[in-house]
Chemist: 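Let me begin by handing over the structure; questions about it come next.
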Amino acid sequence: MAVLREITDLGAPELAPYTDTAELSLLREGIFIAESPKVVRTALDSGCEPVSLLVEDKYVTGQAADMIARAGDVPVYHGSSAALTELTGYRLTQGVLAAMKRPPLPDIGDILRDSRRVALLENIMNQTNTGAIFRSAAALGFDAVLLTEGCSDPLFRRSVRVSMGSVFLIPWAYIGGSSPDYIRTLQAAGFVTAAMALRSDTVTIDDPRVTGAERLAVVLGTEGDGLLEATINECDYTIKIPMSHGVDSLNVAAASAVAFWQLGRH
């Protein structure tokens with residue numbers, strides 16, 4: 001049974017995981033923060049193990065009651081909205097946070113063997129974009145997300161929140177090597193590789209050579225700089241989304257949703 005502990009000292013060391021400066025240290029400790037009832041429930045459903053919960057007083061016997069019951073014998077720290085805002089550095093709109101152990105990542109070989117549609121994220125550091133891409137990938141028929149080592153961690157708090165827990169619904173892992181080695185890894189595993197980039201030698205997103213690929217990897221780059229030139233050159237195709245009114249491109253998260261919708265159905 002969970003142990004309820006009222007917050008009386010905001011500087012208590014056991015509350016450190018919930019401070020707004022703790023994220024990198026949490027990564028080293030193998031812990032991540034899940035925010036909001038929906039995300040916490042999704043994490044619990046996927047088998048993530050809680051370390052502790054942080055709950056606004058009024059939700060202890062309300063919307064957080066089922067999570068507290070499922071959390072086992074972990075401490076549940078609770079306090080007023082003002083206290084939680086001061087502790088975390090922001091206002092909890094839904095009054096629930098959970099510190100959880102990071103689940104083990106699946107083997108990259110298993111992901112490549114079992115997937116038909118994968119997204120490869122290259123050096124995407126924006127946590128909001130990362131979370132949005134995961135949500136679209138899970139919702140629109142992609143089997144997995146792969147990340148280069150230059151990407152932001154998908155289990156950082158903002159990414160988890162923006163994904164609405166989708167980071168727990170779809171397999172993901174880091175792919176080793178530097179550009180263009182990871183493209184060659186995908187090709188060796190039987191994937192047609194399609195880079196989303198602004199180049200003159202592109203094919204449209206509905207080109208049958210891309211939509212008809214038995215196994216397809218869509219490669220997405222960071223905002224601003226986009227994909228590395230070596231990555232684009234190594235991919236089998238460069239694809240683009242037709243634009244109107246002189247707009248040259250979409251935000252990478254929006255572009256990913258369009259691509260996943262078009263290419264995840266085949």
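The first residue in the sequence is number 1, and the count goes up from there.
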Chemist: How long is the straight-line distance from CD1 of I241 back to CE of M196, given to the nearest 0.5 Å?
Modeler: 3.5 Å
Chemist: Indicate yes or no: does R41 engage D66 in a salt bridge with an N to O separation below 4.0 Å.
Modeler: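 D66 and R41: salt-bridged.
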Chemist: Atom SG in C151, atom CE in M125: separation rounded to 0.5 Å?
Modeler: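 One gets 8.5 Å once the value is rounded to the nearest 0.5 Å.
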Chemist: Are the side chain of T148 and the backbone of N123 linked by a donor-acceptor contact shorter than 3.5 Å?
Modeler: yes
Chemist: Would you say V74 and L53 make side-chain contact, with heavy atoms under 4.5 Å?
Modeler: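 A side-chain contact exists here, since the closest heavy-atom pair is under 4.5 Å.
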Chemist: Grab the two heavy atoms, one from M100 and one from A43, that are nearest each other, plus how far apart they are.
Modeler: SD-CB, 3.5 Å
Chemist: Pairing donors with acceptors under 3.5 angstrom, does anything connect the side chains of E122 and T222?
Modeler: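 Looking only at side-chain atoms, T222 and E122 do not form any donor-acceptor pair under 3.5 Å.
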Chemist: Starting from the C-alpha separation in whole Å, work towards a yes-or-no answer on side chain to side chain contact (heavy atoms under 4.5 Å, CB included) for T85 and S81.
Modeler: CA-CA 6 Å; T85 298; S81 175; 4.2 Å; yes
Chemist: Sub-3.5 Å donor-acceptor pair from the side chain of S166 to the main-chain atoms of S163, do we have one?
Modeler: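 A pair under 3.5 Å: yes.
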Chemist: Is S179 reaching over with its side chain to a backbone N or O of T231, donor-acceptor style, under 3.5 angstrom?
Modeler: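 Pair found, side chain donor or acceptor close to backbone of T231.
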Chemist: Using a strict cut-off of less than 4.0 Å between a Lys/Arg side-chain nitrogen and an Asp/Glu carboxylate oxygen, indicate whether R215 and D143 qualify as a salt bridge.
Modeler: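 Salt bridge absent between R215 and D143.
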Chemist: Looking at Q94, is its backbone amide N or carbonyl O close enough to the side chain of Q63 to form a donor-acceptor pair, meaning the two atoms are under 3.5 Å apart?
Modeler: yes
Chemist: Treating Ile, Leu, Val, Met, Phe, Trp and Tyr as nodes and any side-chain heavy-atom pair under 4.5 angstrom as an edge, say whether F142 and L220 lie in one connected cluster.
Modeler: yes
Chemist: Hey, does the side chain of T19 reach the backbone of L15 with a donor-acceptor pair shorter than 3.5 angstrom?
Modeler: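 Checked: no pair found.
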Chemist: Backbone N or O of R117 within a donor-acceptor pair of the S115 side chain at under 3.5 Å?
Modeler: no
Chemist: With the threshold set at 4.0 Å, does a side-chain nitrogen-carboxylate oxygen contact exist between E229 and R199?
Modeler: yes
Chemist: For the atom pair OG1 (T185) and CG (L146), what is the distance rounded to the nearest 0.5 Å?
Modeler: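 Rounded to the nearest 0.5 Å, the OG1-CG separation comes to 10.0 Å.
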Chemist: Measuring from I124:CD1 to I133:CD1, what's the distance to the nearest 0.5 Å?
Modeler: 4.0 Å
Chemist: Checking side-chain polar atoms at under 3.5 Å, does T193 have a donor or acceptor matched by the opposite partner on Q187?
Modeler: yes
Chemist: Is a side-chain N or O of R157 found less than 3.5 angstrom from the main chain of A34, in a donor-acceptor match?
Modeler: no
Chemist: Are D153 and R102 close enough, and set up right, to give a salt bridge (charged side-chain N to carboxylate O under 4.0 Å, His left out), and what steps lead you there?
Modeler: CA-CA 11 Å; D153 193 294; R102 285 175 168 262; 3.1 Å; yes
Chemist: Looking only at atom types and distance, does a side-chain atom of D57 sit under 3.5 Å from a main-chain N or O of G79, one as donor and one as acceptor?
Modeler: yes
Chemist: Sub-3.5 Å donor-acceptor pair from the side chain of S159 to the main-chain atoms of L155, do we have one?
Modeler: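 No, because the side chain of S159 does not come within donor-acceptor range (under 3.5 Å) of the backbone of L155.
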Chemist: Quick one: CD1 on I183 to SG on C235, what's the gap to the nearest 0.5 Å?
Modeler: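 Interatomic distance, I183 CD1 to C235 SG, rounded to 0.5 Å: 4.0 Å.
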Chemist: Using 30° and 60° as the class limits, which term best fits the ring planes of Y77 and Y18: parallel, tilted or perpendicular?
Modeler: perpendicular
Chemist: How long is the span from the CZ atom in R91 to the CD atom in E86, to the nearest 0.5 Å?
Modeler: 15.0 Å
Chemist: Flag the pair F168 / F32 as yes when their ring centroid distance falls below 6.0 Å, and as no otherwise.
Modeler: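 F168 vs F32: aromatic centres under 6.0 Å.
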Chemist: Is it true that R70 and D45 have a side-chain N and a carboxylate O under 4.0 angstrom from each other?
Modeler: yes
